[in-house]
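To keep things clear, I will list the structure first and then write my remarks on it.
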Amino acid sequence: MQTSAGTLHVVATPIGNLADMSPRALDTLRAVDAICAEDTRHTRHLLAHFGIERPLLAVHEHNEDEQATRLVARLLAGDSLALVSDAGTPLVSDPGYRLVRAARAAGIRVSPVPGPSALVAALSAAGLPSDRFVFEGFLPAKTGARREHLAQLAGEPRTLIFYESSHRIVESLADLRAVFGDARRAVLARELTKLFETVLDGSLADLHAAVEADANQRKGEFVLVVEGVGEDADARVAQGRLLYAKLAAHLPPSTAAKVAADISGAPRKSLYGG
Ligand code: SAM
């Protein structure tokens with residue numbers, strides 16, 4: 001690494017409550033030569049709130065590759081830069097991965113300033129197994145692709161975490177119910193750290209019904225935390241039968257049974273009875 005090169009600081013910002021901005025995040029944003037932001041207008045408001053005036057550069061999914069080349073040149077020339085996204089931790093369902101990869105490839109020091117992220121905030125309040133978990137980000141937007149994707153996750157034993165928007169929360173809960181079964185336990189974390197924060201828990205059927213029944217529960221930003229499929233044999237068979245029933249509508253029975261057995265871990269013969 002060149003000793004004269006600058007540092008790329010990856011800085012987490014609040015997911016709603018501005019009091020979650022860390023002192024180190026503020027110090028870093030004040031000290032850098034420029035701040036790379038997903039949406040410069042959004043970040044300008046955040047900086048104005050804290051009385052910070054620094055040049056802003058737009059780095060979003062449509063220009064990240066070309067910007068990365070330019071920004072790495074600046075870093076190599078000695079400038080220090082910060083990378084922020086609209087909310088939470090950059091790179092987590094947000095731009096930044098290509099810039100960080102390019103900076104690391106050029107030998108630039110990349111230093112995180114950790115802070116809020118909706119996925120960890122939701123997991124910390126969910127009360128579902130948290131020693132191992134899978135972050136799935138956003139589900140596909142269309143029902144067919146979403147159900148197909150969920151079918152591949154139906155046998156996952158680890159806790160699953162999804163991001164969801166108000167436009168699709170009802171449909172995604174309906175598809176989760178259809179593919180994972182009504183009884184699977186889950187937690188729906190909405191508007192975390194904000195005025196209307198709610199964390200609902202129950203079965204997927206409970207959560208779907210609660211969101212359908214109350215328009216307020218469909219507003220805002222969501223993290224959905226879903227318990228993994230049970231490790232016990234009964235749960236594997238139940239999961240396998242559910243998968244078999246879904247797949248048999250589209251595939252020959254023997255293929256459906258093989259795929260359902262592979263995904264669920266249940267013996268193939270146990271799947272025909274249910
Ligand atoms: N980088 C962010 C992070 O670290 O959490 C995530 C950015 S992603 C584009 C935005 C999604 O994160 C939202 O659609 C929602 O699913 C989730 N999210 C962000 N803020 C949230 C909040 N305050 N409460 C619940 N979910 C939130």
Side-chain angles (χ1 to χ4, degrees), residues 8-22 24-25 28-29 35-43 45-46 49 58-64 82-101 110 112-128 130 133-142 146 149-150 153 159-173 175-176 186-201 207-208 210-211 214 216-226:
L8 176 62
H9 303 272
V10 184
V11 180
T13 58
I15 56 170
N17 191 325
L18 293 182
D20 290 337
M21 189 79 170
S22 77
R24 198 157 84 86
T28 305
L29 294 178
I35 298 169
C36 308
E38 182 184 6
D39 177 343
T40 52
R41 248 183 9 173
H42 182 99
T43 297
H45 282 133
L46 180 76
H49 178 85
V59 176
H60 43 70
E61 58 174 323
H62 304 295
N63 74 352
E64 192 178 341
L83 170 69
V84 300
S85 60
D86 286 354
T89 301
L91 280 78
V92 178
S93 287
D94 266 340
Y97 149 70
R98 293 187 189 84
L99 173 59
V100 167
R101 185 172 58 174
V110 180
V113 180
S117 186
L119 94 94
V120 175
L123 183 66
S124 73
L128 292 174
S130 54
F133 60 90
V134 185
F135 176 55
E136 277 288 322
F138 290 95
L139 282 164
K142 299 220 167 88
R146 189 162 55 227
H149 187 75
L150 287 172
L153 297 172
T159 294
L160 296 134
I161 304 178
F162 302 96
Y163 280 170
E164 197 46 275
S165 72
S166 53
H167 312 297
R168 279 196 286 271
I169 189 65
V170 176
E171 290 80 358
S172 285
L173 279 167
D175 287 344
L176 272 158
V187 169
L188 186 60
R190 183 176 78 94
E191 293 290 88
L192 291 170
T193 78
K194 303 187 211 177
L195 189 58
F196 296 110
E197 175 182 282
T198 48
V199 180
L200 303 178
D201 65 75
L207 295 182
H208 184 216
V211 171
D214 180 356
N216 285 324
Q217 291 301 328
R218 301 197 281 274
K219 291 184 186 151
E221 300 188 283
F222 300 85
V223 183
L224 191 50
V225 188
V226 183

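In this text, all values refer to a predicted model and were calculated from it rather than measured experimentally. Here, residue 1 is the first one in the sequence, and each next residue gets the next number. Just follow the structure's listing: the first ligand is 1, and inside any ligand the first atom is 1.
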(message) Ring centres under 6.0 Å, that's the criterion: do F162 and F222 meet it?
(response)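 Ring centroids of F162 and F222 are no less than 6.0 Å from each other.
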Which heavy atom of [X] sits nearest to which heavy atom of [Y], and what is that distance?
X	Y	result
E136	H149	OE1-NE2, 2.7 Å
A125	V199	O-CG1, 4.1 Å
A82	L29	CB-CD2, 3.7 Å

Can you report which non-hydrogen protein atom sits closest to [atom], along with the distance?
atom	value
atom 16 (O) of ligand 1	F222 O, 2.6 Å
atom 21 (C) of ligand 1	E221 OE1, 3.6 Å
atom 18 (N) of ligand 1	A118 CB, 3.4 Å
atom 8 (S) of ligand 1	S93 O, 3.7 Å
atom 24 (N) of ligand 1	L192 N, 2.9 Å
atom 26 (N) of ligand 1	V223 CG2, 3.4 Å

Once you restrict to heavy atoms under 4.0 Å, what part of [X] touches ligand 1? Side chain, backbone, both or neither.
X	answer
A122	neither
F138	side chain
S165	neither
D94	side chain

Quick check: [X] and ligand 1, any N/O pair under 3.5 Å apart?
X	value
I15	yes
R190	no
Y163	yes
V92	yes

(request) Check L173, L139, V187 against L224 for a side-chain contact (heavy atoms from CB on, under 4.5 Å) and give me the one that passes. (result)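 Considering L173, L139, V187, a side-chain contact (heavy atoms from CB on, under 4.5 Å) with L224 is found only for L173.
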(request) Determine the sole option in P114, C36, P90 for which the side-chain contact (heavy atoms from CB on, under 4.5 Å) test with V10 is passed. (result)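 So, applying the side-chain contact (heavy atoms from CB on, under 4.5 Å) to V10 and each of P114, C36, P90, only P90 qualifies.
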(request) Examine ligand 1 and decide if any of its atoms is less than 4.0 Å from a heavy atom belonging to A87. (result)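 A87: in contact with ligand 1 (<4.0 Å).
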(message) Could you go through T13 and M21, starting from their C-alpha distance and side-chain angles, then the distance that decides it, and tell me whether this counts as side-chain contact (heavy atoms from CB on, under 4.5 Å)?
(response) CA-CA 6 Å; T13 58; M21 189 79 170; 4.2 Å; yes
(message) Evaluate D39 against H60 for side-chain contact (heavy atoms from CB on, under 4.5 Å), listing each step before the verdict.
(response) CA-CA 7 Å; D39 177 343; H60 43 70; over 6 Å; no
Can you list the ligand 1 atoms lying under 4.0 Å from a non-hydrogen atom of [X]?
X	result
E191	23 (N), 24 (N), 25 (C)
K194	23 (N)
T89	1 (N), 3 (C), 4 (O)
G88	3 (C), 4 (O)

(message) Could you go through L128 and F133, starting from their C-alpha distance and side-chain angles, then the distance that decides it, and tell me whether this counts as side-chain contact (heavy atoms from CB on, under 4.5 Å)?
(response) CA-CA 10 Å; L128 292 174; F133 60 90; over 6 Å; no
(message) Test your reading of the model: is there a side-chain donor-acceptor pair from R146 to the backbone of A141, 3.5 Å cut-off?
(response)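 Checking the backbone N and O of A141 against the side chain of R146, a donor-acceptor pair under 3.5 Å is found.
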(message) For K194, is there an ion pair with E221 - N to carboxylate O distance below 4.0 angstrom?
(response)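 Looking at E221 and K194, the cut-off is met.
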(message) Using 0.5 Å steps for rounding, measure from the CG atom of L83 to the OG1 atom of T28.
(response)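 Rounded to the nearest 0.5 Å, the CG-OG1 separation comes out at 12.5 Å.
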